[in-house]
Amino acid sequence: MRAASMATLALLLLAGCGTTTRKPPIEIFPDMDRQPRYNALAESPFFPDGRASRMPVPGTVAVGQLREDDSYYTGISGNLYLGRNPRPLDAALLARGRTQFEVYCAPCHDRAGDGRGIVSTRAGWLAVNLHEERVVQMTDGELFNVATFGRRTMPGYRFQIPADDRWAIVAYIRALQRTTQGTLVDVPPELRKGVR
Ligand code: HEC
């Protein structure tokens, strides 16, 4: 009896080999081959808009992404550019601003900020000189806004550079501007004698 059933099983298994068919295979264990669910972004006749994926409920905020303070992310409060950098100024902020400026802005504006970066000079146009009186007169919020959304031919960097770092860059640009806009008042009294 046992030998007979073994032989039948062997035959059954062999029967599966070497034949081609267009019919679907016999499924002994269907497992979860077919499931009553949708693939992401598939079509669905169930919802009126025909999409299986649903839009997030308006106002949905991802964890850690709450942006309560709009001005921190745009540099604009009401109708005005923020006057001052909202991040407290310290050496760490300037150091961060420097590395980020040199990564993201220096290719065009140059590490010195004069607008003669490697991209600009090779491309044959000049980015704005950040030591220009007009740029020096901008508020911190306006600089931040330009870095965020761009202006005219300058691209915005809000997707590449997080807001915290854009504010650090603004702080660093202020430090850069000091290098050409500084006066004797910026020099500590004990060092003034050596300045010409
Ligand atoms: C791809 C090259 C490029 C990069 C990178 C770049 N800029 Fe610019 N930027 C420009 C150009 C070009 C202009 C002049 C735009 C115009 O007047 O059409 C400009 C102008 C500006 C201005 C002056 C805007 C005005 O009103 O004239 C500021 C401020 C500025 N950029 C800041 C930044 C900062 C901060 C970064 C880094 C986050 C940065 N830029 C990165 C090309 C660049």
Side-chain angles (χ1 to χ4, degrees), residues 41 55-56 58-189 191-192 194-196:
L41 304 180
M55 295 298 282
T60 302
V61 175
V63 175
Q65 299 282 306
L66 181 61
R67 294 180 168 193
E68 265 183 314
D69 180 2
D70 223 24
S71 60
Y72 191 80
Y73 297 93
T74 58
I76 298 176
S77 172
N79 295 326
L80 291 174
Y81 288 120
L82 283 188
R84 275 184 156 269
N85 198 325
R87 293 201 62 187
L89 183 63
D90 57 18
L93 185 75
L94 285 181
R96 179 71 184 163
R98 178 177 189 170
T99 53
Q100 296 308 93
F101 179 88
E102 291 183 351
V103 169
Y104 290 104
C105 316
C108 296
H109 289 280
D110 194 64
R111 286 199 291 178
D114 60 18
R116 289 190 289 253
I118 193 161
V119 173
S120 319
T121 44
R122 301 270 166 118
W125 42 260
L126 286 187
V128 162
N129 176 356
L130 300 177
H131 301 281
E132 236 173 57
E133 187 57 21
R134 195 174 52 82
V135 182
V136 172
Q137 292 305 328
M138 289 178 183
T139 65
D140 288 352
E142 184 168 4
L143 288 178
F144 181 87
N145 192 266
V146 173
T148 303
F149 299 107
R151 181 170 287 179
R152 296 185 294 276
T153 54
M154 148 110 192
Y157 283 86
R158 63 191 175 286
F159 298 121
Q160 293 92 330
I161 316 175
D164 288 356
D165 283 349
R166 297 198 303 274
W167 283 117
I169 288 173
V170 169
Y172 181 67
I173 291 177
R174 289 306 184 205
L176 268 185
Q177 289 173 338
R178 276 286 186 90
T179 64
T180 56
Q181 305 290 321
T183 61
L184 208 55
V185 183
D186 296 316
V187 182
L191 296 175
R192 281 183 201 166
V195 178
R196 273 182 291 168

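Both ligands and their constituent atoms are indexed starting at 1 by order of listing. For the single chain, residues carry numbers from 1 onward in sequence order.
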Answer yes if the side chains of Q177 and R174 hold a donor-acceptor pair under 3.5 Å, and no otherwise. yes
Under 4.0 Å, heavy-atom basis, I'd like to know which part of V146 is in contact with ligand 1: side chain, backbone, both or neither. side chain
Would you call E142 and R151 a salt bridge, using N to O less than 4.0 angstrom? yes
Considering non-hydrogen atoms of the protein only, which is the closest contact for atom 1 (C) of ligand 1, and what is the distance? C108 SG, 2.8 Å
Please give me the minimum heavy-atom distance between R116 and D110, naming the atom from each residue. O-OD1, 3.5 Å
Residue, atom and distance of the protein heavy atom nearest atom 17 (O) of ligand 1 read R152 NE, 2.9 Å
Specify the protein heavy atom at minimum distance from atom 38 (C) of ligand 1: its residue, its atom name, and the distance to 0.1 Å. C105 SG, 2.7 Å
With heavy-atom distances below 4.0 Å as the criterion, list the atoms of ligand 1 near A127. 10 (C), 11 (C), 42 (C)
For atom 14 (C) of ligand 1, what is the nearest protein heavy atom, given as residue, atom name and distance? V128 CG2, 3.5 Å
Taking atom CZ of R192 and atom CG of D186, what is their separation to the nearest 0.5 Å? 9.0 Å
Could you check whether the rings of W167 and F144 sit parallel, tilted or perpendicular, using 30° and 60° as the cut-offs? parallel
Protein contact to atom 12 (C) of ligand 1 [nearest heavy atom, distance to 0.1 Å]: T153 OG1, 3.6 Å
Taking distance alone, with N or O pairs closer than 3.5 Å, would you say W125 contacts ligand 1? no
Within the 4.0 Å heavy-atom cut-off, what I161 brings close to ligand 1 is side chain
Close side-chain approach of V119 to W125, heavy-atom, < 4.5 Å: yes
Minimum heavy-atom distance between I169 and I161, given as atom pair plus value: CD1-CD1, 4.0 Å
Mind checking whether Y104 has an N or O less than 3.5 Å away from an N or O of ligand 1? no
L143 and V135: side chain to side chain contact (heavy atoms under 4.5 Å, CB included), yes or no, with the steps? CA-CA 8 Å; L143 288 178; V135 182; 3.8 Å; yes
With a cut-off of 4.0 Å, which atoms of ligand 1 are near a heavy atom of M138? 25 (C), 26 (O)
Any N/O/S atom of H109 sitting less than 2.8 Å from atom 8 (Fe) of ligand 1, backbone or side chain? yes
Side-chain heavy atoms of R111 within contact of L176, under 4.5 Å: no
Among all protein heavy atoms, pick out the one at the shortest distance from atom 5 (C) of ligand 1; state its residue, atom name and that distance to 0.1 Å. Y157 OH, 2.9 Å
Any heavy-atom pair between the side chains of Y72 and R67 that's under 4.5 Å? no
What residue and atom, counting heavy atoms only, is the protein's closest point to atom 26 (O) of ligand 1, and at what distance? R151 NH1, 2.8 Å
For ligand 1, is there an atom lying under 4.0 Å from some heavy atom of R134? yes
On a heavy-atom basis, the closest approach of H131 and T180 is ND1-OG1, 2.8 Å
Considering only heavy atoms of L130, which atoms of ligand 1 have at least one such atom less than 4.0 Å away? 28 (C), 29 (C), 30 (C)
R166 contact mode with ligand 1 (heavy-atom cut-off under 4.0 Å): neither
Minimum heavy-atom distance I173-L130, with the two atoms named: CD1-CD1, 4.2 Å
Which bit of L143 gets closer than 4.0 Å to ligand 1, counting heavy atoms only: side chain, backbone, both or neither? side chain
Which of the atoms in ligand 1, numbered in the order shown and given with their element, are less than 4.0 Å from a heavy-atom of I173? 35 (C)
What residue and heavy atom of the protein are closest to atom 39 (C) of ligand 1, and at what distance? M154 CE, 3.1 Å
